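I am attaching a structure below and will ask some questions about it afterwards.
Values reported hereafter were calculated over all heavy atoms of this structure, with side chains retained and with hydrogens, waters and symmetry mates removed. These numbers were taken from a predicted model, which means no experiment stands behind them. Lettering of chains follows the sequences in order, A, B, ..., and the numbering in each one begins at 1.
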Amino acid sequence: MAESITPQREDFSRWYLDVIREAELAENSPVRGSMVIRPYGYELWENIRDGLDRRFKETGHKNAYFPLFIPMSFLQKEAEHVEGFAPELAVVTIGGGKELDEPLVVRPTSETIIGHMYARWIQSYRDLPLLINQWANVVRWEMRTRPFLRTMEFLWQEGHTAHATAEEALAHTRRMLDVYADFAINDAAIPVVRGVKSEREKFAGAVASYTIEAMMANGWALQSGTSHYLGDNFSRAFEIKYLDENNESRYCHTTSWGVSTRMVGAVIMTHGDDQGLRLPPKLAPTQVVIVPIWRKEAEQAGVLALAERVESMLKTAGVRVHKDLRMDQTPGFKFNDWEMRGVPLRIEIGPRDVAQNAVVLARRDRPGREGKTMGVPVDSLTEQVPNMLAEIQAAMLADATARRDANTHDVTSYDEFKRVLDEQGGFLRVHWAGSSEDEARIQDETRASLRCLPLESDLGSGPCFLTGQQTDRIAIFARAY
RNA sequence: CGGGGUGUGGCGCAGUUUGGUAGCGCGCAGCGUUUGGGACGCUGAAGUCAGAGGUUCAAGUCCUCUCACCCCGACCA
């Protein structure tokens with residue numbers, strides 16, 4: 001048992017912080033609420049970034065970069081937008097030792113400055129759709145922070161697109177939501193619920209916000225990506241107009257969508273266990289670690305030679321592999337160390353293996369003896385290892401999905417709602433015809449918020465669990481990060 | 001901003017009640033023995049005890065003020 005990691009059951013929040021520290025993902029910085037992402041955590045983020053970026057390119061987007069500083073007046077052009085973000089803005093008022101004529105906001109998101117540029121770039125329907133993404137840092141002044149889940153500065157991508165029609169923009173909003181879901185499910189092995197945000201929870205300035213909601217190992221919900229249909233709100237504020245085929249001036253319809261370093265937190269809290277991190281092979285910085293083992297000095301050369309050979313075979317097969325040659329650590333220590341870091345597959349090579357030209361495979365997702373396969377022939381590894389990585393990836397998704405489903409409860413009354421929330425937690429699925437005020441009251445009384453109105457469900461129609469009114473609208477409530 | 005807590009080698013802490021040589025564990029460095037599930041021995045380096053002021057022959061310890069950080073609540077990708 002990992003003595004440096006608090007068991008999940010004892011204190012999930014402590015467990016989360018312990019894992020981040022022990023696996024060297026990140027560290028608190030000297031600045032309150034900001035974190036330093038360490039190389040291992042950053043590699044994980046890079047893999048998340050690459051998986052998303054590839055999908056953005058495949059769906060026709062180009063990357064660009066817009067400035068960190070945004071004139072305060074830009075934010076004020078969209079009333080709801082500025083109102084939503086005002087409390088969490090960091091504002092620069094002094095530059096070069098002089099008071100600025102106009103304060104500059106450190107971007108909390110870039111709709112406004114991008115809207116300003118789109119107004120210049122878009123003249124004709126021939127310029128549409130305009131599909132741009134940016135990878136950037138943003139700043140939101142937060143009261144309470146948590147590594148990866150909520151920090152004052154975070155890394156993310158924000159996609160911003162402009163379209164000729166509302167239908168097209170809305171379709172694009174949904175398309176990007178699907179891209180996020182595809183990434184979450186297939187790369188991060190995180191089952192997500194696609195849904196619409198309630199009026200109360202939607203993005204400041206959006207017509208509609210879509211979300212992918214994931215369930216963490218403690219049953220809490222985590223919004224892991226959002227996609228917004230902005231209608232012509234920002235187009236009107238920034239005069240993003242085009243001439244259509246009939247030479248008539250029209251407002252564009254825009255979208256924006258983002259996934260942040262919060263996704264790292266989602267990976268940690270979806271898959272992690274009391275041994276530490278568990279990483280899905282597609283995102284793991286190191287997919288396979290080789291641990292050489294010997295007893296007598298005479299055995300060392302043979303073991304190291306085989307380790308070397310296995311490493312180069314796997315590298316050639318496109319596997320991210322690391323050979324642990326630390327001479328001052330015992331194999332047992334290394335096993336635990338790499339398990340704590342979440343490496344999906346371990347290859348043990350000792351004298352017995354050298355003798356039979358074979359190795360031992362140990363899966364991270366099946367701890368202990370159960371996950372070990374002895375006597376795997378070396379010559380089969382270029383096939384076996386990629387296969388097993390794919391198997392682990394699939395098993396992790398299956399496990400997470402089973403847990404999510406087991407912790408999703410349909411309830412039909414407010415009493416049952418409170419009881420199930422208290423006793424079991426997880427997602428509470430209900431028929432919902434309540435108002436924003438009802439929603440606020442529920443959150444106030446139970447600390448569970450309306451996560452989303454799921455896009456797909458098999459519940460049909462029924463009476464609202466709160467008001468009794470007949471409805472076919474479904475909502476998912478949960479305690480959330 | 002309200003409530004609670006903590007500041008002592010890199011990290012985690014004891015020592016504060018009752019003032020009297022700055023300690024323990026881990027980690028780190030060197031050497032040796034070890035290595036199929038978290039090895040061990042010996043040697044060693046490392047601390048303005050958060051800061052300022054005060055009481056005292058003497059302050060990590062008592063008094064006053066300041067600062068920082070953490071946890072719990074209200075806002076949030």
Side-chain angles (χ1 to χ4, degrees), chain A residues 1-5 11 13-14 17-18 21-22 27-33 83-89 107-109 136-146 148-158 180 197 200-204 206 209-214 221-228 256-266 275-276 291-297 299-300 303 324-340 346-355 359-360 362 367-369 371-372 374-375 440 443-444 447 449 480-481:
Chain A
M1 189 77 12
E3 61 262 18
S4 47
I5 297 175
D11 185 341
S13 185
R14 276 255 301 282
L17 295 170
D18 288 347
R21 186 191 63 245
E22 291 298 314
E27 215 170 282
N28 276 330
S29 82
V31 180
R32 185 194 74 85
E83 195 195 321
F85 279 104
E88 40 186 340
L89 293 181
R107 65 177 162 224
T109 179
N137 58 337
V138 288
V139 168
R140 298 180 186 178
W141 213 263
E142 299 289 351
M143 311 241 182
R144 240 164 97 39
T145 60
R146 233 191 262 270
F148 293 113
L149 301 180
R150 184 170 302 106
T151 47
M152 294 220 302
E153 178 187 359
F154 57 92
L155 306 182
W156 76 344
Q157 65 57 225
E158 45 179 326
Y180 285 161
K197 281 289 178 187
R200 220 171 137 258
E201 298 268 345
K202 80 172 164 58
F203 177 74
S209 289
Y210 293 82
T211 175
I212 49 171
E213 295 285 328
L222 183 72
Q223 177 176 310
S224 307
T226 48
S227 185
H228 312 292
S256 70
W257 24 277
V259 159
S260 72
T261 34
R262 174 179 272 191
M263 186 59 86
V264 175
Q275 309 303 319
V291 178
I293 299 155
W294 62 86
R295 217 180 262 282
K296 302 180 212 99
E297 195 142 350
E299 298 166 339
Q300 184 177 337
V303 166
D324 188 349
L325 291 182
R326 286 177 292 181
M327 295 298 168
D328 45 356
Q329 305 290 4
T330 62
F333 178 90
K334 292 177 181 178
F335 294 171
N336 288 286
D337 194 41
W338 292 108
E339 280 171 11
M340 194 258 301
R346 179 178 66 239
I347 297 182
E348 304 169 13
I349 300 178
R352 293 206 289 273
D353 303 298
V354 173
V359 302
V360 174
R369 208 161 284 276
K372 284 204 186 192
M374 317 277 182
Q443 182 163 3
D444 210 44
R447 289 177 57 212
S449 55
Y481 282 101

Does F333(A) stack onto the base of G37(B), taking stacking as ring centres under 5.5 Å apart and planes under 30° apart? no
Hey, do the aromatic rings of F203(A) and F85(A) have their centres closer than 6.0 Å? yes
Distance-only criterion, 3.5 Å: show the donor-acceptor pairs between side-chain atoms of residues 347-355 of chain A and protein atoms not counting sequence neighbours.
residue	atom	partner	partner atom	Å
E348(A)	OE1	K372(A)	NZ	3.2
E348(A)	OE2	R346(A)	NE	3.1
E348(A)	OE2	R346(A)	NH2	3.0
E348(A)	OE2	K372(A)	NZ	2.9
D353(A)	OD2	G350(A)	N	2.8

Give each protein N/O atom lying under 3.5 Å from an N/O atom of nucleotides 27-34 of chain B, with the pair distance.
none

Is any side-chain N or O of K372(A) under 3.5 Å from a base N or O of G37(B), one able to act as donor and the other as acceptor? yes
So T151(A), base contact, sugar-phosphate only, or nothing? Heavy-atom distance under 4.0 Å. base
So does R346(A) reach the base of G37(B) with its side chain, donor to acceptor, closer than 3.5 Å? yes
When we call it a touch if two heavy atoms are under 4.0 Å apart, what does G350(A) touch: a base, just sugar-phosphate, or nothing? base
Could you give the distance separating C13(B) and C65(B) at their P atoms, to the nearest angstrom? 27 Å
Euclidean distance for C1', G51(B) against U8(B) (whole angstrom): 14 Å
P gap between A14(B) and A29(B), integer Å: 27 Å
For V360(A), which contact category applies under a 4.0 Å heavy-atom criterion: base, sugar-phosphate, or nothing? base
For the P atoms, the ones on G12(B) and on G27(B), what distance do you get once it is rounded to whole angstrom? 15 Å
Tell me what F154(A) touches on the nucleic acid: a base, only sugar-phosphate, or nothing, going by heavy atoms under 4.0 Å. base
Less than 4.0 angstrom between a side-chain N/O of R140(A) and OP1 or OP2 of C75(B), yes or no? no
Examine C72(B): is either OP1 or OP2 under 4.0 Å from a nitrogen or oxygen in the side chain of R144(A)? Give yes or no. yes
Residue whose closest nucleotide on RNA chain B lies nearer the 5' end, M374(A) versus N28(A): M374(A)
